[in-house]
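As a basis for the values below, the full set of heavy atoms in this structure was taken, side chains included, without hydrogen atoms, waters or symmetry mates. Heads up: numbering here begins at 1 and tracks the sequence.
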Amino acid sequence: MTARQLQVGDILSLNTFPMISGYYTALERTMFVREVDEASLKVWEANVATHEYGMSLLKPGVSCAEVTQKINAFLEERNLLQYRTFGYGHSFGVLSHYYGREAGLELREDIDTVLEPGHVVSMEPMLTIPEGQPGAGGYREHDILVIGEDGAEDITGYPYGPSFNVVG
């Protein structure tokens, strides 16, 4: 809790837990108040690109570890892997965001589960730039996808990125 009023250029994190298509989910978005400085915009756009690349990898026949390794390589090419904070996604329970999750369906290096039609997983890369560095803050985009026969359907339906989430 804080009494501090928002200021132009502040980074914000939207984090809500709506019910989407019968699943209890999480919706998370990076936002900025009115404007974004150049360094922050660069990191934000990189996280959005990571998010989109990650979503493109979610399809039947690909393992959780493969998805993770490819995203790691994507971030390493951009010299951003050291700012990754945790895994890139996970399954969802039908009772809540957490309860009913499958430990074997986490997007991490050590999970060899192969994605199959009907799996419900998130894609949620997050980059955290330390205080004092250009672009300092946490950047996270989070969508829920249902694996189908040929790919994945994004069921979140809320825009992400700088073109929509510079607010106020």
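Cluster note: Phe86 groups with Met126 through ILVMFWY side-chain heavy atoms spaced under 4.5 Å, whether in direct contact or through intervening members.
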Show the atom names and distances, to 0.1 Å, of all donor-acceptor pairs under 3.5 Å that link a side chain in residues 160-168 to residues at least two apart or in another chain.
from, atom 1, to, atom 2, distance (Å)
Tyr160, OH, Glu52, OE2, 2.9
Asn165, ND2, Pro159, O, 3.1

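In terms of the ring pair (Phe, Tyr, Trp, His ring centres under 6.0 Å) criterion, residue partners of Tyr53 (sequence neighbours excluded) are, by chain and number, Phe74. With sequence neighbours excluded, no residue forms a salt bridge (charged side-chain N to carboxylate O under 4.0 Å, His left out) with Asp37. Residues that satisfy the side-chain hydrogen bond (donor to acceptor under 3.5 Å, both in side chains) test with Asp143, not counting sequence neighbours, are Arg29, His51, Thr156. Listed by chain and number, the residues in a side chain to side chain contact (heavy atoms under 4.5 Å, CB included) with Arg108 are Glu106, Asp110, Ile111 (sequence neighbours excluded). Applying the ring pair (Phe, Tyr, Trp, His ring centres under 6.0 Å) criterion to Tyr88, with sequence neighbours excluded, gives no partner residue. Tyr158 is linked by a side-chain hydrogen bond (donor to acceptor under 3.5 Å, both in side chains) to nothing, counting only residues two or more places apart in sequence or in another chain. Shown here are the side-chain hydrogen bond (donor to acceptor under 3.5 Å, both in side chains) partners of Thr50, two or more places apart in sequence or in another chain: there are none.
Once rounded to the nearest 0.5 Å, the distance linking CG of Asn72 with CG of Leu81 reads 5.0 Å. Here NZ of Lys70 is found 13.0 Å from CG of Leu107. Values are rounded to the nearest 0.5 Å. Separating the CG atom in Leu27 from the OG1 atom in Thr16 is a distance of 6.5 Å, to the nearest 0.5 Å. Put simply, OH on Tyr83 and OG1 on Thr128 are 11.0 Å apart, with the number rounded to the nearest 0.5 Å.
Counting only residues at least two apart or on different chains, no ring pair (Phe, Tyr, Trp, His ring centres under 6.0 Å) pair has a member in residues 102-137. Here side-chain hydrogen bond (donor to acceptor under 3.5 Å, both in side chains) pairs that include residues 54-67, with residues two or more places apart or in two chains, are Ser63-Glu66. For residues 74-85, the salt bridge (Lys or Arg N to Asp or Glu O under 4.0 Å) pairs, not counting sequence neighbours, are Arg84-Glu109.
Annotation: Gln82, atom CD; neighbour count of heavy atoms from other residues, nucleotides and ligands within 6.0 Å is above 12.
Side-chain atoms of Leu105 and His90, non-hydrogen and from C-beta on, never get closer than 4.5 Å to each other.
Residue Leu115 is not grouped with residue Val120 when hydrophobic side chains (ILVMFWY) are merged at heavy-atom distances under 4.5 angstrom, including chains of intermediate members.
No side-chain N or O of Ser13 forms a donor-acceptor pair with one of Glu28 less than 3.5 Å apart. No donor-acceptor contact under 3.5 angstrom links the side chains of Tyr139 and Glu45, judged on distance only.
Smallest separation of non-hydrogen atoms from Asp112 and Ala65: OD1-CB, 3.7 Å.
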Mind running side chain to side chain contact (heavy atoms under 4.5 Å, CB included) on Leu145 and Glu153 for me, showing each step along the way? CA-CA 5 Å; Leu145 297 100; Glu153 177 189 1; over 6 Å; no

